[in-house]
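Every chain is numbered from 1 and lettered A, B, ... according to where its sequence line falls, protein lines coming before strand lines. Below, all heavy atoms of this structure are taken into account, side chains as well, without hydrogens, waters or symmetry copies.
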Amino acid sequence: MLEELGFSRRTFNMRPIPFAGTWGTSSSISYQLANEQVTREGTSELEGLSKKEAKRKTKELVGERAQAIAEQIVEALQAFDGYAQVEANNGYINIKFDTQRFASRVVNTISELGREYGAGEPKTDRVMVEYSQPNTHKAFHVGHLRNATLGNTLCRILKLAGFEVHKANYIGDIGMHVIKCLWCYQRFHQGEEPEPGERGRWLGEIYTESDQRVNLRQDALGLLNELSNEDPAFVTMVDRMMKELYQKHPVGEDVAYLLGQIANKREIKDDAFYSAETVPTFWPIAGQQLHTNLEMARGDREQHEDIEDEIPEPARYEEWIRQWKSLSERIEWWSWVPAWQEEIRNEFQRWERKDPDFVHLWETTRSWSMDDFERIYRELDIDFDTWFYESEVEESGREIVKELMEREIAEISDGLPVVKIDEKLGLEKETYRTMPVLRSDGTTLYSTKDLALTKHKFEEYGVDRSIWVVDVRQGLYFQQIFKIMELMGFEQAGKCFHLGYEMVTLPGGAMSSRSGNVVLYDDIAQAVLQRARQIIDEKNPDLPDEQKDDIAHDVAIGSLKYSMLSRDNNRVIVFDIEESLSFDGHAAPYIQYAHARACRILEKVDTPPSGELRFVDLTTEEIDLIQQIAIFPSEIQRAADEYKPLYIATYVYELAKKFNDFYRACPVLHAEEPQRSARIALVSSTRQVLANGLDAIGIAAPEVM
RNA sequence: GCGCCCGUAGCUCAGUGGAUAGAGCGUUUGGUUGCGGACCAAAAGGUCGCAGGUUCGAGUCCUGCCGGGCGUACCA
């Protein structure tokens with residue numbers, strides 16, 4: 001057709017018309033054609049103009065020409081049948097569909113396919129997705145929730161898009177964290193055993209305590225170092241503080257060391273002290289000074305005009321004092337730390353030689369955590385086809401290291417086997433760096449086990465693609481793993497993909513169980529459930545209790561999941577507890593509510609519409625809604641192609657919004673025939689797509705709420 | 001140093017090289033002789049971090065800079 005008009009042949013690149021209430025497709029091809037014409041015809045009009053003016057003129061000419069060409073093409077298109085209307089607008093060619101015909105086609109398709117609507121053609125690729133990977137002996141917090149939700153949703157979308165999906169979990173049931181936890185348990189909590197149901201959480205607390213014990217020195221000095229660097233008042237007062245310290249604790253070398261390091265803002269190191277009493281003795285003095293400084297920061301600033309800018313905000317002092325207080329409770333641990341670290345190393349050796357008592361304790365406590373995880377997955381409606389365990393790949397990990405050494409891919413450096421990846425690849429610029437594959441004492445690292453597991457996945461599972469849903473901070477780590485697999489000659493390494501996601505932080509900063517700045521899944525789930533239940537009691541007091549519980553669960557969990565999915569995965573989520581308890585606006589309950597509303601209408605229909613549907617005099621709201629339900633399958637495909645559950649989270653929200661617009665503007669049950677039947681069918685289709693869409697992101701669609 | 005990510009409305013965030021950059025929260029003012037008000041409408045709110053470049057056309061692609069976060073050999 002274009003050739004007839006004297007243009008060269010090309011494909012029309014169509015996209016939806018971006019105006020509400022119109023339904024069809026548009027093309028900006030006229031711009032491309034106009035540009036070619038203008039360029040070809042030369043630049044006589046542009047002569048003598050500055051570069052900027054020439055550019056502006058060109059833009060103007062192209063714009064005019066585009067409109068002319070669009071009109072020309074529209075003229076030619078009028079001769080064809082099948083469109084309701086064709087028009088040239090603002091240089092674009094808009095082809096509007098016959099709404100009646102397309103509306104009934106979309107609605108009929110959905111009604112035929114039902115739960116299958118949105119599913120893609122079966123694909124040949126088998127995809128393995130590894131996600132969740134919680135550590136036993138540690139608490140499950142909202143950061144883990146992001147991973148589990150993202151991974152599970154990705155699996156659902158890939159499956160719907162037509163891929164054969166293999167869901168894998170990889171439990172961190174051994175490693176330094178487990179050893180630390182069990183050391184602390186035996187040393188300080190021997191024989192204690194909480195109620196079933198609380199045991200997993202309790203173990204997590206033991207782990208935190210252990211971590212605090214071992215890191216006491218590091219944490220205390222961390223605070224002092226921060227104060228040296230960021231609180232000028234603290235540094236100024238260091239002489240007076242040292243005088244006081246010297247009176248209480250006259251180990252001259254240590255006092256001089258502290259004085260020197262703080263005064264010169266140099267890092268204080270814990271192995272530089274002669275006496276283990278120095279820091280614990282200094283601690284109350286430092287705290288006193290912090291309180292004095294806080295008073296000063298709060299006080300009349302005019303009195304300190306000379307250093308006004310340098311004094312930190314009172315809020316910072318409050319935070320420092322909070323940290324100081326928390327550390328004060330355990331500062332007497334200082335002298336124990338080296339011995340404890342030694343004990344933990346010994347504990348690791350007990351595991352290495354499979355000491356029966358130790359293994360027994362490990363098995364028992366491990367199952368406490370596993371019971372918890374299984375309960376949480378049930379609550380979240382998240383499941384797996386395969387469960388891998390770190391403890392199962394330790395041996396094959398050692399073998400793979402042996403192989404790496406024999407093949408000279410790995411070498412000994414500083415007393416431990418490492419792979420110098422850049423060197424092996426002949427890269428000049430540092431890219432993959434060096435990866436240690438075993439500790440110098442022979443114990444296995446995370447990398448040791450992951451190499452073995454990856455090999456296992458390649459050899460035992462016939463997967464074409466393998467995806468790891470893991471925190472983005474491990475980006476370099478996975479590149480290293482994949483490169484090492486490549487160096488070993490595994491072709492599949494090219495089809496490995498690390499789907500990274502950013503962390504979940506709290507308003508007070510990054511989550512850290514050691515500092516107590518953490519939101520546990522169980523706590524937040526309970527709070528959200530309670531709130532959901534409370535709202536249902538208000539909105540729908542007559543429902544039976546059991547049903548209320550079910551709905552509260554669907555709404556609460558859905559809401560939590562949605563908050564994890566409605567942000568792009570490479571964006572940090574600042575988890576706000578207040579916000580997570582609000583069910584208004586852009587959140588899962590909004591979408592679920594639309595679904596419940598649709599169900600309500602359908603419930604009141606006595607006889608379902610029969611015969612051919614006639615969509616006459618469609619309103620803007622109806623057209624927008626029909627368009628939205630029509631694009632569901634392509635949205636699924638797009639989300640699967642790009643590994644972006646976010647697209648579907650956004651999509652279902654938009655759909656709910658459009659349904660609510662429709663709901664307000666278009667009476668259904670009170671409409672006249674044939675409109676009534678058509679609208680009932682549209683509500684039914686919309687309900688189906690809402691349900692399918694929510695299912696794709698793992699969120700329940702209750703019929704009543 | 002090197003590498004990755006983020007910067008869009010007061011706040012939290014969407015945005016597939018294409019038409020007038022959109023939601024939610026918050027603020028102000030309204031809406032049920034209609035199928036559920038967990039809803040809806042209106043108002044106010046923008047140098048899309050800055051500067052170049054590519055393009056007929058850039059929030060979107062490229063380069064440089066600024067600001068923030070993260071990673072960078074025996075944690076996972």
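Only the P atoms considered, B/U8 is 10 Å distant from B/C50, to the nearest whole Å. A gap of 35 Å separates the P atoms of B/A51 and B/U27, to the nearest Å. When the P atom is used for both B/A21 and B/A58, the distance is 14 Å, rounded to whole Å. Only the P atoms considered, B/C65 is 10 Å distant from B/G1, to the nearest whole Å. Between B/C48 and B/G10, the distance separating the two P atoms is 12 Å to the nearest Å. Comparing the same atom, P, in B/U20 and in B/G59 gives a spacing of 11 Å after rounding to whole Å. Distance noted for atom P between B/C5 and B/C11: 25 Å (whole Å).
Nucleic acid contact class of A/Ser582 (heavy atoms, under 4.0 Å, all strands): none. Within 4.0 Å of A/Val419, counting heavy atoms only, lies no atom of the nucleic acid at all. The residue A/Tyr590 sits close only to the backbone: its heavy atoms come under 4.0 Å of sugar-phosphate atoms, none of a base. No engagement by A/Phe478 is indicated, since no non-hydrogen atom pair under 4.0 Å with the nucleic acid exists. When heavy atoms are screened at a 4.0 angstrom cut-off, A/Val418 is found touching base atoms of the nucleic acid. If you check every strand for non-hydrogen atoms under 4.0 Å, A/Lys539 touches a base. Nucleic acid contact for A/Leu438: none, since no nucleic acid atom lies under 4.0 Å from a heavy atom of the residue. In this structure, A/Asn135 reaches the sugar-phosphate backbone alone: every heavy-atom distance under 4.0 Å involves primed, P, OP1 or OP2 atoms, never a base. Within 4.0 Å (heavy atoms only), A/Asp576 reaches no atom of the nucleic acid at all. Among the heavy atoms of the strands lying under 4.0 Å from A/Met503 are primed sugar atoms or P, OP1, OP2 only; no base atom is included. At a threshold of 4.0 angstrom between heavy atoms, the contacts of A/Cys666 include nucleobase atoms, whether or not backbone atoms are also involved. In this structure, A/Glu642 reaches neither bases nor backbone, as no heavy-atom distance under 4.0 Å exists between it and the strands shown. Note on A/Arg664: only backbone sugar-phosphate atoms sit closer than 4.0 angstrom, heavy atoms only; bases stay farther off. Among the heavy atoms of the strands, none lies under 4.0 Å from A/Ile174.
Note: OH (A/Tyr432) to P (B/U72) measures 17 Å, nearest angstrom. We find that CD of A/Gln592 is positioned 12 Å from P of B/C39, with the value rounded to whole Å. For the pair A/Ile591 CD1 and B/G24 P, the computed distance is 13 Å after rounding to whole Å. A straight line from CD of A/Glu654 to C1' of B/C13 spans 13 Å, rounded to a whole angstrom. One atom, CG of A/Leu416, and another, C1' of B/A73, lie 7 Å apart when rounded to the nearest Å. The CG atom of A/Asp568 sits 14 Å away from the P atom of B/U8 (whole-angstrom rounding). Atom-to-atom, CZ of A/Arg567 to P of B/G24 comes out at 15 Å; the value is rounded to the nearest Å. Per the geometry, CZ belonging to A/Phe583 stands 10 Å off C1' belonging to B/A38, to the nearest Å.
Within the structure, a side-chain polar atom (N or O) of A/Arg571 is placed less than 4.0 Å from OP1 or OP2 of B/G7. Taking only side-chain nitrogens and oxygens, A/His670 never comes nearer than 4.0 Å to OP1 or OP2 of B/G34. For the pair A/Arg473 and B/A76, the criterion of a side-chain N or O lying under 4.0 Å from OP1 or OP2 is not met. In terms of phosphate contacts, A/Lys138 brings no side-chain nitrogen or oxygen within less than 4.0 Å of OP1 or OP2 of B/A76. Look at A/Lys657 and you won't find any side-chain N or O under 4.0 angstrom from OP1 or OP2 of B/G22. Contact check, A/Tyr593 against B/A38: a side-chain N or O comes under 4.0 Å of OP1 or OP2. Residue A/Arg433 places no side-chain N or O under 4.0 Å from the OP1 or OP2 atom of B/C4.
Here A/Phe497 and A/Tyr643 bring their ring centres to under 6.0 angstrom of each other. Aromatic pair A/Tyr562/A/His586: ring centres closer than 6.0 Å. Between A/Tyr207 and A/Trp183, a ring centre-to-centre spacing not shorter than 6.0 Å is recorded.
In this structure, A/Glu642 places its CD atom where more than 12 heavy-atom neighbours from other residues, nucleotides or ligands lie under 6.0 Å away. Heavy-atom neighbours of A/Glu703 CD from other residues, nucleotides or ligands within 6.0 Å: at or below the threshold of 12.
Across B/A38, B/C35, B/G24, the shortest atom-to-atom separation from the side chain of A/Ile536 is found for B/A38. In this structure, the nucleotide among B/C35, B/G36, B/C2 sitting nearest to the side chain of A/Leu669 is B/C35. Closest contact between the side chain of A/His177 and the listed nucleotides B/U72, B/A76, B/G24 involves B/A76. Residue A/Met176 places its side chain closer to B/C75 than to any other of B/A41, B/C75, B/C25. The listed nucleotides are B/C5, B/C39, B/G3; the one nearest the side chain of A/Lys429 is B/G3. Residue A/Asn540 places its side chain closer to B/G36 than to any other of B/G36, B/A76, B/A23. Nearest nucleotide to the side chain of A/Ser440, out of B/C74, B/A38, B/G71: B/C74. Between B/A73, B/G15, B/C39, one nucleotide has an atom nearer to the side chain of A/Thr434 than all others, and that is B/A73.
The pair A/Asp173-A/Arg366 counts as a salt bridge, with a side-chain nitrogen and a carboxylate oxygen less than 4.0 angstrom apart. Under 4.0 Å is where a charged nitrogen must lie from a carboxylate oxygen, and between A/Arg679 and A/Glu622 at least one such pair does. Salt bridge A/Asp537/A/Arg533: present, at least one basic N to carboxylate O contact under 4.0 Å. We find that A/Lys449 and A/Glu390 are joined by a salt bridge, their nearest charged nitrogen and carboxylate oxygen being less than 4.0 Å apart. Salt bridge status for A/Arg398 with A/Glu352: present, with a side-chain N to carboxylate O gap under 4.0 Å.
Side-chain N/O atoms of A/Gln474 and base N/O atoms of B/A76 include a donor-acceptor pair closer than 3.5 Å. A donor-acceptor contact under 3.5 Å is not formed by the side chain of A/Thr650 with the base of B/A23.
Comparing A/Pro667 and A/Ile631 by the nucleotide of RNA chain B that holds the closest heavy atom to each, the one mapping nearer the 5' end is A/Ile631. Map A/Thr443 and A/Gly585 each onto its nearest nucleotide of RNA chain B; the residue landing nearer the 5' end is A/Gly585.
The partner of B/C4, taking Watson-Crick or G-U wobble pairs whose two distances both stay under 3.5 Å, is B/G69. B/A41 and B/U29 make up a base pair, with Watson-Crick or G-U wobble contacts both under 3.5 Å. As the counterpart of B/A21, no nucleotide is assigned, since no Watson-Crick or G-U wobble pattern has both distances under 3.5 Å. Taking a pair to require two hydrogen-bonding distances under 3.5 Å in either a Watson-Crick or a G-U wobble arrangement, B/C61 pairs with B/G53.
Judged by ring centres under 5.5 Å apart and planes tilted less than 30 degrees, A/Tyr663 stacks against the six-membered base ring of B/C35.
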